[in-house]
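Here the structure comes first, spelled out in structure tokens, and everything after it is commentary.
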There are 2 protein chains.
Amino acid sequence: MVLKLRKKATALPGCPMSKCMDLLGGCWTPEVLWSLSEGPRRFSELRRDSPFISAKVMTSRLRDLEQRGVLTRTVMPTSPPTVEYELSELGKELLPAIRSIVEVGTRLLLRDTSS
Amino acid sequence: MVLKLRKKATALPGCPMSKCMDLLGGCWTPEVLWSLSEGPRRFSELRRDSPFISAKVMTSRLRDLEQRGVLTRTVMPTSPPTVEYELSELGKELLPAIRSIVEVGTRLLLRDTSS
DNA sequence: CTTTCAGGTAACCAACTGGAAACTGCCGAC
DNA sequence: GTCGGCAGTTTCCAGTTGGTTACCTGAAAG
């Protein structure tokens, strides 16, 4: 968490870091992507996965990501309506970075508790 | 670029992602760490590496990172004084994540230009 | 004497953002 | 007939932050 995306600042052209952070930089974005990494999930499931993300932010983050082509949003014609979010191909390409962050974080946590 | 760290929000206890993002989430933090990944660098070198980062932000980012133990700051008793920043052990542990982000970004850029 | 450079700090501003809470429409259940 | 759940949206507020500009010390160069 703890990340914010600034609207005006766009990725520096040609900078790989910017290019990638443009997609996964944004408050809670990594968490959402991580939740989706194991398959499609519905809005309420995502909310339950990360209860500390407010509905408003969850919505705006999902809309952002949809617009950037990182995930797809499918409304099922059921009642009550069900909405499914799923990583697109582009979204799946981000997973190695997310996984790496999680791995490093895990190592840091272990280090904390062992020392 | 494009990244902000929120002061009040601290890492969720026990969440690897938070733990890691707490250290590398913050406007321009990844860029700074990337600059430092190949060895110690001085303030003005860092500024030249990333001219789009204002001095103020560069300073505050470096202070943050120093306080979190990600890098060390050494003032050399020369005149004019020289200051060297270097990744600590903790900082080096973050590099796999940074590298992964850069790799993913590179792949995305290639994809863009080829299609 | 003045300028330049290193490595910052201080002040001020405007912007973007996240949080909280209330409201919506539709349906099935109690 | 009203309660709850899904999937949001809207409004309002306040906080945090980054950018910009100006300013500081000390030494050396022109």
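Chain letters run A, B, ... following the sequence lines, proteins first and then strands; every chain starts at 1. Only heavy atoms go into these numbers, but all of them, side chains included; no hydrogens, no water, no symmetry mates.
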At 4.0 Å (heavy atoms only), tell me whether [X] reaches a base, stays on the sugar-phosphate, or touches nothing.
{"X": "B:T78", "answer": "nothing"}
{"X": "A:T59", "answer": "base"}
{"X": "B:S44", "answer": "sugar-phosphate"}
{"X": "B:R48", "answer": "sugar-phosphate"}
{"X": "B:S60", "answer": "nothing"}

What is the distance, rounded to the nearest whole Å, between atom [atom1] of [X] and atom [atom2] of [N]?
{"X": "B:M76", "N": "C:dG7", "atom1": "CE", "atom2": "P", "result": "10 Å"}
{"X": "B:D64", "N": "C:dG8", "atom1": "CG", "atom2": "C1'", "result": "16 Å"}
{"X": "A:F52", "N": "C:dA20", "atom1": "CZ", "atom2": "P", "result": "13 Å"}
{"X": "B:R41", "N": "C:dA6", "atom1": "CZ", "atom2": "C1'", "result": "15 Å"}
{"X": "A:L46", "N": "D:dC6", "atom1": "CG", "atom2": "C1'", "result": "13 Å"}
{"X": "B:I53", "N": "D:dT17", "atom1": "CD1", "atom2": "C1'", "result": "15 Å"}
{"X": "A:M58", "N": "C:dG18", "atom1": "CE", "atom2": "P", "result": "13 Å"}
{"X": "A:E45", "N": "D:dC6", "atom1": "CD", "atom2": "P", "result": "10 Å"}

Residue [X], side-chain atoms from C-beta onward, closest of [options]:
{"X": "A:C27", "options": "C:dA6, C:dG8, C:dG18", "answer": "C:dG18"}
{"X": "A:F43", "options": "D:dG18, D:dG8, C:dG7", "answer": "D:dG8"}
{"X": "B:W28", "options": "C:dA6, D:dA7, D:dG19", "answer": "D:dG19"}
{"X": "B:R63", "options": "C:dG18, C:dG7, C:dT9", "answer": "C:dT9"}

Is the shortest side-chain N to carboxylate O distance from A:K92 to A:E89 below 4.0 Å?
->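 Yes, this pair counts.
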With the threshold set at 4.0 Å, does a side-chain nitrogen-carboxylate oxygen contact exist between A:E31 and A:R61?
-> no
Out of curiosity, B:M58 CE to B:I53 CD1, how far, rounded to the nearest 0.5 Å?
->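 Those atoms lie 4.0 Å apart.
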CD/B:E103 to OG/B:S100 distance, rounded to the nearest 0.5 angstrom?
->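 Separation between the atoms: 6.0 Å.
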Just do the side-chain contact (heavy atoms from CB on, under 4.5 Å) check on B:L94 and B:C20 with the steps written out, would you?
-> CA-CA 8 Å; B:L94 297 176; B:C20 185; 4.2 Å; yes
Would one find a side-chain N or O of [X] under 4.0 angstrom from OP1 or OP2 of [N]?
{"X": "A:R47", "N": "D:dG8", "answer": "no"}
{"X": "A:R61", "N": "C:dG18", "answer": "yes"}
{"X": "B:S54", "N": "D:dG19", "answer": "yes"}
{"X": "A:R73", "N": "D:dA7", "answer": "no"}

Would A:T29 and A:V32 satisfy side-chain contact (heavy atoms from CB on, under 4.5 Å), going step by step from the backbone distance to the final call?
-> CA-CA 5 Å; A:T29 305; A:V32 175; 5.7 Å; no
So which one's nearest nucleotide on DNA chain C is more toward 5', B:R42 or B:K56?
->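 Looking at DNA chain C, the more 5' nearest nucleotide goes with B:R42.
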